[in-house]
Engineer: 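Right, I'll just put the structure down here and ask away after.
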Amino acid sequence: MNVLVTGGCGFIGSNLVKYLRKHRPSWKVVNLDKLTYAGNLENLTDLENDPQHVFVRGDIGNRELVDHVILKEKIDAIMHLAAESHVDRSILGPEAFIVANVLGTNVLLEAARHARLSRFLMVSTDEVYGSLGPTGLFTETTPLDPSSPYSSSKAAADLITLAYERTFGLDVVVTRCSNNYGPYQFPEKLIPLMVANAINDKPLPVYADGTNVRDWLHVEDHCAALTLALEKGKKGECYNIGGDSERQNIQIVKAILAVVGKPESLIKYVKDRPGHDKRYAIDASKSRRELGWAPSHVFEKALGDTVKWYLDNRPWWERIVSGAYKTYFDSQYATRLKG
Ligand code: NAD
Ligand code: TDX
């Protein structure tokens, strides 16, 4: 099997490329990534001399390049992860999200259709469902009701993908997962940002009162689910993937401070994110039943291990927060802390 992974130098993509090389050793993994601010080839140094991993730097929106890669590498299936992925950035500037997530996905779908690929796996998100109240779970039939430019661009891509099955008969599967955590996450997202700030004795900016709830899924459990969805998912179906680990943001932040050994006085409550979804929670029973998947990580232990990974790999994230992206991080803090 020759699989094209898009976005394979990002957080989930790089974990997935490594997961596939380990658990599906006969597969060739071709990794198409533009290397935006969030893409980092250093995430894949373990695979430097691996002939079964082929890296191609390029944009999913470049149809000529995508066609060429599919033909040259004899691609059978696509696992599509490349995206602009950060909600706060989508509020600062939605356009990049529409270009990469909506138009980029459409280019890949067209290429997959014309090359008659055997499967197109669209990695979507639980954020397409919008927000829950204090009770209830998202199922695959929950109506889509996205709140942010990010989640609406993902919902658009998710629906276009499903339309390619109905209209053109392309074999597609859509997965919708909850918040991932683990190694190599860009330090703009809640967990690595809070770890980095705690280590550097900087304020930890918690939006509103910190009671918003996310369901946390370890990235390796997500990679296992994506692999099974590619292999066993039914054509034209959606699969929810969740970690059964609902936590309030403030619980996460306090747990991180405890592991790093820093005081809770570093917590700074700041102005809320506009359109901030209150709660996400996932019913993943369809994935358990049809894919034979279940998460294997226990949240508190895996969060501790994740925090330790960031403590042990300081150069990896320090280069990001103090290097080329320092201006972004500084201006973000300044804006948040004013609130
Ligand atoms: P990320 O931001 O860490 O990585 C995205 C990768 O895509 C980067 O390597 C970037 O260079 C690449 N990329 C962006 N635009 C591209 C383009 N036009 N052409 C080629 N490559 C491009 O993102 P992530 O957190 O790893 O998320 C991966 C996917 O999973 C995304 O589709 C995201 O919407 C989805 N998702 C993420 C989470 C989460 O918790 N992180 C949860 C649900 C769904
Ligand atoms: O500084 C912060 N303070 C804070 O309180 C940041 C960055 C976040 N938060 C809150 C907002 C959310 O309630 O923490 C929660 C998690 O925030 P993010 O890490 O930005 O993730 P979220 O907005 O939930 O989206 C993530 O999960 C779904 C990913 O970024 C998406 O790509 C994915 O689709």
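Just so you know, ligand 1 is whichever comes first in the structure, and atom 1 is the first atom listed for that ligand. Note that the structure is a prediction, hence the values are computed from the model and not measured.
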Engineer: Looking just at side-chain N and O atoms, do Y164 and E110 make a donor-acceptor pair shorter than 3.5 Å?
Structural biologist: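 Yes, because at least one side-chain N or O of Y164 sits under 3.5 Å from a partner of the opposite role on E110.
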
Engineer: In terms of relative ring orientation, are H80 and F120 parallel, tilted or perpendicular, with 30° and 60° separating the classes?
Structural biologist: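 It falls in the tilted class, 30° to 60°.
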
Engineer: So, regarding W216 and ligand 2 (criterion: nitrogen or oxygen to nitrogen or oxygen, under 3.5 Å), is there a contact or not?
Structural biologist: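 N/O-N/O distance under 3.5 Å: no.
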
Engineer: Before signing off on this row, confirm whether M194 and ligand 2 have an N or O atom pair separated by under 3.5 Å.
Structural biologist: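 The answer is no, given that M194 and ligand 2 share no N or O pair closer than 3.5 Å.
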
Engineer: Of all the atoms in ligand 2, which lie at a distance below 4.0 Å from a heavy atom belonging to E188?
Structural biologist: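 Counting atoms of ligand 2 from 1, those under 4.0 Å from E188 are 7 (C).
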
Engineer: Can you list the ligand 2 atoms lying under 4.0 Å from a non-hydrogen atom of H276?
Structural biologist: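 Answer, ordered by atom number: 11 (C), 12 (C), 13 (O).
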
Engineer: Under 3.5 Å between some N or O of ligand 2 and some N or O of R214?
Structural biologist: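 Looking only at distances, the answer is yes, because the N/O contact criterion of under 3.5 Å is met.
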
Engineer: Do any N/O atoms on Y207 end up under 3.5 angstrom from N/O atoms on ligand 2?
Structural biologist: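 Yes.
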
Engineer: My understanding is that only residues two or more places apart in sequence, or in another chain, count here; which of them pass ring-ring contact (aromatic ring centres under 6.0 Å, His included) with H222?
Structural biologist: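 Applying ring-ring contact (aromatic ring centres under 6.0 Å, His included) to H222 gives none.
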
Engineer: With heavy atoms only and a cut-off of under 4.0 Å, state how K189 meets ligand 2: side chain, backbone, both or neither.
Structural biologist: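 Under 4.0 Å from ligand 2, K189 contributes backbone and side-chain atoms.
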
Engineer: For ligand 2, is any non-hydrogen atom under 4.0 Å from L193's backbone (N, CA, C, O), its side chain (CB onward), both, or neither?
Structural biologist: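 The answer is the side chain.
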
Engineer: Applying side chain to side chain contact (heavy atoms under 4.5 Å, CB included) to S85 and K189, what does each step give before you reach the verdict?
Structural biologist: CA-CA 10 Å; S85 70; K189 307 284 178 7; 3.0 Å; yes

Engineer: As a test of reading the model: which residues have a non-hydrogen atom less than 4.0 Å away from ligand 1?
Structural biologist: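 Within 4.0 Å of ligand 1, protein side: G7, C9, G10, F11, I12, D33, K34, L35, T36, A38, G39, G58, D59, I60, L81, A82, A83, S85, V123, S124, T125, Y150, K154, C177, S178, N179, N180.
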
Engineer: Given R21, which partner from the list L47, L44, L16, D46 fulfils the side-chain contact (heavy atoms from CB on, under 4.5 Å) test?
Structural biologist: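 The side-chain contact (heavy atoms from CB on, under 4.5 Å) with R21 is passed solely by L47 among L47, L44, L16, D46.
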
Engineer: Using a strict 4.0 Å cut-off to heavy atoms of H86, name the atoms of ligand 2 that fall inside it.
Structural biologist: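 Here the atoms of ligand 2 in question are 20 (O).
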
Engineer: Could you pull out, from Y181, Y269, Y150, Y280, the option with a heavy atom nearest to atom 33 (C) of ligand 2?
Structural biologist: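 Selected option, by shortest heavy-atom distance: Y150.
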
Engineer: May I ask you to say whether E84 pairs ionically with R89, meaning some side-chain N is under 4.0 Å from a carboxylate O?
Structural biologist: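 Salt bridge flag = no for R89 with E84.
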
Engineer: Which option wins on minimum heavy-atom distance to atom 21 (O) of ligand 2: L190, N197, N179?
Structural biologist: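 It is N179 whose heavy atom sits nearest to atom 21 (O) of ligand 2.
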
Engineer: Between D277 and ligand 2, does any nitrogen or oxygen pair lie at a separation below 3.5 Å?
Structural biologist: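 D277 vs ligand 2: no N/O contact under 3.5 Å.
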
Engineer: Show me which atoms of ligand 2 lie under 4.0 Å from any heavy atom of V206.
Structural biologist: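 This gives 5 (O) as the contact atoms.
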
Engineer: Donor-acceptor check, side chain of R176 to backbone of D158, threshold 3.5 angstrom: yes or no?
Structural biologist: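 Side chain of R176 to backbone of D158: no pair is present.
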
Engineer: Please check whether V87 reaches ligand 2 - meaning an N/O of the residue sits under 3.5 Å from an N/O of the ligand, judged on distance alone.
Structural biologist: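 Not met; the criterion fails.
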
Engineer: Just which atoms of ligand 2 are under 4.0 Å from any heavy atom in T125?
Structural biologist: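 Result: 28 (C), 33 (C), 34 (O).
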
Engineer: Heavy-atom contacts under 4.0 Å between K154 and ligand 2: side chain, backbone, both, or neither?
Structural biologist: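 The answer is neither; K154 stays 4.0 Å or more away.
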
Engineer: Would K34 and D59 pass as an ion pair if we require N to O under 4.0 Å?
Structural biologist: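 Result for this pair is yes, salt bridge flagged.
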
Engineer: Looking only at distances, please establish whether an N/O atom of ligand 2 is found under 3.5 Å from an N/O atom of N249.
Structural biologist: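 Among all N and O atoms of N249, at least one is under 3.5 Å from an N or O of ligand 2.
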
